[in-house]
Structures are given as C-alpha cells and as structure tokens.
Amino acid sequence: MIEVKNIHKKFGKKIVLEDISLTIKDGEVLGLLGSNGSGKTTLLDIIIGQQKPTSGTVSIDGKKDGYKNVGIQFQEGSWPKGVTAKLLIQYFRRKQKALTEEYVIKLIELFEIKDFLELDLNQLSGGQKQRLNTLLAVINDPKYICLDEMITGLDLKMQLKLIEWIGELKKHQKTIIIISHNPEEVEVLCDSFVIIERGHIYYEASVAKAIKEFGSIRNMMIKYYKEELKSNVISKSK
Ligand SMILES: Nc1ncnc2c1ncn2[C@@H]1O[C@H](COP(=O)(O)OP(=O)(O)OP(=O)(O)O)[C@@H](O)[C@H]1O
C-alpha cells in the first residue's frame, strides 16, 4: 500500500502542492489527471523518492524507503554516445540476477524493441524512446509501477497492446500510478483517479462512480472546468 500524508511542496516561495493525502491500495491502478503545471509529476517524484516534500510523509509497504520497490519510467533525455537499448537491458539484467531470459525476451517482444536494440539511443524516435522507458520501468518486475504519460504519442496498435498488458499486470496484483491527460485512457486502465489542480486534490473517485454520476470522466472534467471558467476559482472538492 502507498500512503501519502499531508504532502506540501514549495519551490522557493512557490507553493506547488498543498496538503495532499492519498492511499493507493495493493493491486489498485490510480490515474492522476489535471492541468499542465498542476503538480502531478512533482507528486509522483515525491512518491518515488526523487524529490523531498517540504512537509508530509510517504510510506510504501509501511516503509519510508519503500520507493526502492517502485519501477519508474526513465525521463526523456540525451544519452552519452554509444549507449544502446541492448546495453541498458544488459545492465539491468546484471543488477537483477533473478531476471530470466524468458521474461526479458517477452518484454522486448511486447514493447517491440528488437528492431532498434543496437541503435544509439539518441537516434530513436519519440515513441521508440517511450517504449524503451516503459520497458525499463518494469524490467525488475516491481510491485509498484509509476508511468508518466505512457500512452501519449504511441501508435494505436501499441496503445492497444499496452492496455492489454496493464490488464495482465492488474491480474498479478501490481499497484500502478498513471499520469495521463486522456480521460478515456484513465477509464480503460484505472480503478480510481485523482484530479490535481493548482496543487490541490480537486476531485477523487472510483472510475465507476464518476461514470455512473457523469456518464464519463471527460463529461465530469468538462463540467468542472466550465464551472471554473465561470467562477474563475477552483475550490477543493471530493
Ligand atoms: N525544480 C523545480 N523548480 C521550480 N519549479 C518547479 C520545479 N519542478 C516543477 N516546478 C513547478 O511546479 C509546478 C508543477 O509542475 P509539475 O511538473 O509537477 O506539473 P504537472 O502537473 O506534471 O504538469 P504537466 O501536465 O505539464 O506535465 C509547475 O508550475 C512547475 O513550473
């Protein structure tokens, strides 16, 4: 279980997160939605131990250093010349002796990495980098997985494959947090979702509840954003 309690985060004087509390149960897939700059990635970075909160706590499986069991997507960046997907996968395999050849081959097939295994990483397309980053997030078969806009930018065939794959992970009781800008993706993949706006939890519900109440998450978001545009104020709502 991931427990986020009363997280506040400031960058200098700028308040980015204010009093965020969340519980993500084992086997749950949680979607994080919200406007650009609302604080989703900062919250995820705090959960995975890459940022320290200004105050508040995160515990994973009851431990403060539980983030060591979380698989995270590598961020886009430029790599030193000569680094290939094959080299990275070999590096992870050496670190994790328990990884079987069969599991690694399965992932390479799933993410369709084979054709560019030996290419310099800086020569990969955006979608190819994204597929490799997602593979690296799960290569150690972690119990907790964080995915930042995993599907955006992928072709439809790959999207369908990854949706099916998340379904498999759910069957294996993996706990997954997915940042997304796509309400339909959250409906298909997630059990519950949270909308973060201006550093606050603006709405939090199960996907089933939102669909029952509003017909779809998109309808719900449009309703709330229209109200916001009218009043120009986002109030905290649960
Ligand atoms: N290292 C940093 N220093 C200063 N401000 C930062 C830093 N990282 C993020 N911010 C600010 O914090 C706010 C939240 O950023 P964050 O990346 O968490 O948003 P987000 O919801 O993930 O946005 P997007 O949907 O655009 O990816 C933004 O205003 C951003 O400028």
Side-chain angles (χ1 to χ4, degrees), residues 2-24 29-58 60 67 70-78 126-127 129-134 136-137 144-154 159 162 166 175-190 192-205 207 210 216-218 220-229 232-238:
I2 300 178
E3 282 185 287
V4 173
K5 278 195 193 149
N6 310 111
I7 291 289
H8 292 252
K9 177 70 182 173
K10 277 188 189 174
F11 288 111
K13 285 191 180 157
K14 186 175 182 177
I15 299 170
V16 173
L17 295 173
E18 243 186 311
D19 203 19
I20 302 279
S21 294
L22 277 177
T23 301
I24 309 157
V29 182
L30 176 88
L32 279 186
L33 288 155
S35 306
N36 290 136
S38 60
K40 302 177 297 294
T41 304
T42 305
L43 177 62
L44 202 67
D45 281 350
I46 290 172
I47 292 174
I48 64 179
Q50 293 203 343
Q51 294 259 11
K52 277 202 189 323
T54 307
S55 62
T57 57
V58 175
I60 299 179
Y67 57 81
V70 183
I72 52 168
Q73 248 172 309
F74 275 54
Q75 295 300 311
E76 276 254 351
S78 62
K129 278 186 196 156
Q130 206 167 329
R131 274 146 50 193
L132 176 64
N133 288 342
T134 312
L136 294 174
Y144 299 97
I145 301 164
C146 292
L147 302 168
D148 197 342
E149 293 188 46
M150 171 190 73
I151 290 208
T152 319
L154 296 180
Q159 288 185 18
L162 292 192
I166 295 271
T175 306
I176 308 172
I177 304 177
I178 298 174
I179 291 186
S180 174
H181 282 293
N182 184 340
E184 285 74 31
E185 183 184 319
V186 170
E187 276 176 20
V188 172
L189 297 176
C190 302
S192 54
F193 68 103
V194 165
I195 298 179
I196 297 189
E197 287 301 341
R198 299 181 196 169
H200 289 102
I201 291 186
Y202 168 47
Y203 186 89
E204 185 180 11
V207 169
S216 68
I217 297 178
R218 182 176 293 275
M220 191 279 276
M221 292 179 80
I222 289 172
K223 183 175 184 297
Y224 275 80
Y225 289 134
K226 277 190 174 164
E227 278 168 17
E228 187 223 346
L229 284 172
N232 211 19
V233 174
I234 294 181
S235 59
K236 211 174 159 185
S237 159
K238 284 204 178 187

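We count ligands from 1, going down the list as the structure has it; atoms in each ligand are counted the same way. For reference, positions follow the sequence shown, starting with 1.
- Contact of the I217 side chain with the V207 side chain is registered, since non-hydrogen atoms from C-beta on lie closer than 4.5 Å.
- Residue H181 has at least one heavy-atom neighbour below 4.0 Å for each of these atoms of ligand 1: 25 (O).
- Of all heavy-atom pairs spanning S38 and E197, the tightest one is CB-CA, 3.9 Å.
- When non-hydrogen atoms are compared, ligand 1 lies under 4.0 Å from the side chain of V16 (C-beta onward) but not from its backbone.
- Distance from atom 25 (O) of ligand 1 to its nearest protein heavy atom, with residue and atom name: K40 NZ, 2.8 Å.
- Interface of N36 with ligand 1, defined as ligand atoms under 4.0 Å from a residue heavy atom, comprises 23 (O), 24 (P), 25 (O), 26 (O).
- Considering G34, G12, G37 only, the shortest heavy-atom separation from atom 23 (O) of ligand 1 involves G37.
- The CG atom of L44 lies 9.0 Å from the CD atom of Q50; values are rounded to the nearest 0.5 Å.
- Nearest heavy-atom pair across L32 and I196 is CD2-CD1, 4.2 Å.
- Contact annotation: the side chain of I166 approaches that of L147 to within less than 4.5 Å [non-hydrogen atoms, C-beta and beyond].
- At least one heavy atom of G39 sits closer than 4.0 Å to an atom of ligand 1.
- Note on ligand 1: G199 sits outside its first shell, no heavy atom being nearer than 4.0 Å.
- Here OG of S55 is found 7.0 Å from CD1 of I7. Values are rounded to the nearest 0.5 Å.
- Remark: of the listed residues L30, L43, I177, L30 is the sole one forming a side-chain contact (heavy atoms from CB on, under 4.5 Å) with V194.
- Among protein heavy atoms, the minimum distance from atom 29 (O) of ligand 1 is reached at K14 NZ, 2.8 Å.
- Remark: distances from the non-hydrogen atoms of Q51 to ligand 1 are all 4.0 Å or more.
- In terms of heavy atoms, K40 sits closest to L33 at CD-C, 3.6 Å.
- Nearest to atom 22 (O) of ligand 1 among the protein's heavy atoms is T41 OG1, 2.6 Å.
- When only non-hydrogen protein atoms are considered, atom 9 (C) of ligand 1 lies nearest to F11 CE1, 3.6 Å.
- For ligand 1, the atoms sitting less than 4.0 Å from at least one non-hydrogen atom of T42 are 14 (C), 15 (O), 16 (P), 18 (O), numbered in the order shown with element in parentheses.
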